[in-house]
Chemist: 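Provided herewith is a single structure, encoded as structure tokens, for subsequent inquiry.
Just so you know, these numbers come straight off a predicted model, no measurement behind them.
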Amino acid sequence: MTDVQVSKSITVPADVDEVWVFVSDFAGVATWQPHIKSVEMQSNGDRKVNFTRGDSVLDRVTKRNDVERTFTYGLVPGQPTPMKSLDATFAVRSADGGAEVEYTIEVDVPEDMAEMARGGIGADIDGVLAGLAAKFNG
């Protein structure tokens, strides 16, 4: 297995608390993440994410700190996926002219999938950041 990590950020001209509330809405990501078709929240707080490419995963928040404006979510164990693990973290910070959002995804995948994973993760992050830009750059 190989760890693959991709991290990118964007600064948007909006209040940091407003951006945090928007980004940390675990159930609302389908409204602004273009690779997600829909989200189905489960009664235990997990969410089923249905991707536009046709597959689905269950994930859950594993860490959240509203003071530091960070949260991490990961895969629910036991799913049929080539990933051994996935940790995705949003961090929202004050920045000149607004709020900086950093999105980091780290996965543990079979070595022969590392480059494909890096490209796919990068594209997903680019789409997420473009969705934030569209929301907050008006």
Side-chain angles (χ1 to χ4, degrees):
M1 299 298 279
T2 301
D3 282 325
V4 174
Q5 181 178 338
V6 179
S7 184
K8 298 182 181 189
S9 64
I10 187 173
T11 300
V12 294
D15 176 75
V16 69
D17 291 324
E18 176 187 2
V19 173
W20 169 243
V21 168
F22 184 78
V23 167
S24 65
D25 177 9
F26 196 55
V29 296
T31 64
W32 59 280
Q33 292 189 19
H35 61 285
I36 297 177
K37 181 179 178 181
S38 64
V39 169
E40 300 169 34
M41 292 304 296
Q42 310 297 301
S43 61
N44 65 355
D46 292 349
R47 81 180 168 184
K48 181 179 180 186
V49 179
N50 302 303
F51 295 102
T52 57
R53 61 185 176 250
D55 60 331
S56 300
V57 297
L58 285 172
D59 59 15
R60 64 174 56 129
V61 173
T62 57
K63 295 181 219 166
R64 183 178 174 122
N65 186 320
D66 290 319
V67 174
E68 294 181 8
R69 296 185 199 98
T70 62
F71 84 92
T72 300
Y73 63 91
L75 291 176
V76 173
Q79 298 179 73
T81 174
M83 293 179 286
K84 182 178 178 185
S85 65
L86 175 141
D87 288 307
T89 302
F90 280 101
V92 180
R93 298 180 276 280
S94 294
D96 287 340
E100 178 188 33
V101 179
E102 180 179 24
Y103 188 30
T104 303
I105 299 177
E106 183 174 354
V107 295
D108 191 1
V109 295
E111 190 171 329
D112 63 338
M113 292 183 66
E115 285 307 310
M116 182 179 68
R118 190 171 284 109
I121 292 167
D124 284 352
I125 291 174
D126 288 343
V128 167
L129 297 181
L132 285 173
K135 165 69 177 171
F136 291 104
N137 288 330

Chemist: Show me, pair by pair, the donor-acceptor contacts under 3.5 angstrom made by side chains of residues 107-124, not counting sequence neighbours?
Modeler:
| residue | atom | partner | partner atom | Å |
| --- | --- | --- | --- | --- |
| Asp108 | OD1 | Thr2 | N | 3.2 |
| Glu115 | OE2 | Arg118 | NH1 | 2.5 |

Chemist: Decide yes or no on side chain to side chain contact (heavy atoms under 4.5 Å, CB included) for Lys48 and Val39, but give the supporting numbers first.
Modeler: CA-CA 6 Å; Lys48 181 179 180 186; Val39 169; over 6 Å; no
Chemist: I need the full list of side chain to side chain donor-acceptor pair (under 3.5 Å) pairs touching residues 13-24, with sequence neighbours left out, sorted by first then second residue.
Modeler: Asp17-Arg69, Trp20-Asp66, Ser24-Arg64
Chemist: Would you check if Arg47 and Val49 make a side-chain contact, meaning some heavy-atom pair closer than 4.5 Å?
Modeler: yes
Chemist: Restricting to pairs with a member in residues 75-89, which pass side chain to side chain donor-acceptor pair (under 3.5 Å), not counting sequence neighbours?
Modeler: Thr72-Thr89
Chemist: Under a single-linkage definition using a 4.5 Å side-chain heavy-atom cutoff for Ile, Leu, Val, Met, Phe, Trp and Tyr, are Met41 and Ile36 assigned to the same hydrophobic cluster?
Modeler: yes
Chemist: Check whether any side-chain heavy atom of Val101 lies under 4.5 Å from a side-chain heavy atom of Val19, and answer yes or no.
Modeler: yes
Chemist: Please enumerate all residues that pass side-chain hydrogen bond (donor to acceptor under 3.5 Å, both in side chains) together with Glu100, with sequence neighbours excluded.
Modeler: Ser9, Arg93
Chemist: If you compare all heavy atoms of Thr70 against all heavy atoms of Ala91, which two are closest, and at what distance to 0.1 Å?
Modeler: CG2-CB, 3.8 Å
Chemist: I would like to know whether Ile125 and Ile105 meet side chain to side chain contact (heavy atoms under 4.5 Å, CB included); could you show each step before the answer?
Modeler: CA-CA 8 Å; Ile125 291 174; Ile105 299 177; 3.8 Å; yes
Chemist: At their closest point, which heavy atom of Leu132 faces which heavy atom of Val12, and how far apart are they?
Modeler: O-CG1, 4.1 Å
Chemist: State which residues pass ring pair (Phe, Tyr, Trp, His ring centres under 6.0 Å) with Phe90; sequence neighbours excluded, sorted by chain then number.
Modeler: Phe71, Tyr103
Chemist: Mind checking whether Phe51 and His35 have parallel, tilted or perpendicular rings, split at 30° and 60°?
Modeler: parallel
Chemist: Restricting to non-hydrogen atoms, name the atom on Ala133 and the atom on Ile10 that form the minimum distance, rounded to 0.1 Å.
Modeler: CB-CD1, 3.6 Å
Chemist: Nearest 0.5 Å please: distance from the CG atom of Leu86 over to the CD atom of Glu106.
Modeler: 9.0 Å
Chemist: If hydrophobic residues (ILVMFWY) are linked whenever their side-chain heavy atoms come closer than 4.5 Å, directly or via other members, who joins Leu58 in its cluster?
Modeler: Val76
Chemist: If the condition is ring pair (Phe, Tyr, Trp, His ring centres under 6.0 Å), which residues does Tyr73 pass it with, not counting sequence neighbours?
Modeler: Phe26
Chemist: Surrounding CD of Gln42 (heavy atoms of other residues, nucleotides or ligands, distance under 6.0 Å), is the total greater than 12?
Modeler: yes
Chemist: Between Ser38 and Asn50, is any side-chain donor less than 3.5 angstrom from a side-chain acceptor?
Modeler: yes
Chemist: What residue pairs, at least two apart or across chains, pass salt bridge (charged side-chain N to carboxylate O under 4.0 Å, His left out) with a residue in residues 4-13?
Modeler: Lys8-Asp126
Chemist: Could you tell me which residues satisfy side-chain hydrogen bond (donor to acceptor under 3.5 Å, both in side chains) with Asp55, sequence neighbours excluded, listed by chain and number?
Modeler: Arg53
Chemist: Please list, chain by chain and in numerical order, all residues satisfying side-chain hydrogen bond (donor to acceptor under 3.5 Å, both in side chains) with Thr104, sequence neighbours excluded.
Modeler: Ser7
Chemist: Could you work out, with side chain to side chain contact (heavy atoms under 4.5 Å, CB included) as the rule, every residue matching Asp96, not counting sequence neighbours?
Modeler: none
Chemist: Under 4.5 Å between side-chain heavy atoms, hopping through other hydrophobics if needed: is there a path connecting Val92 to Val61?
Modeler: yes
Chemist: Is there any salt bridge (charged side-chain N to carboxylate O under 4.0 Å, His left out) pair reaching into residues 21-32, and which pairs are they, with sequence neighbours excluded?
Modeler: none
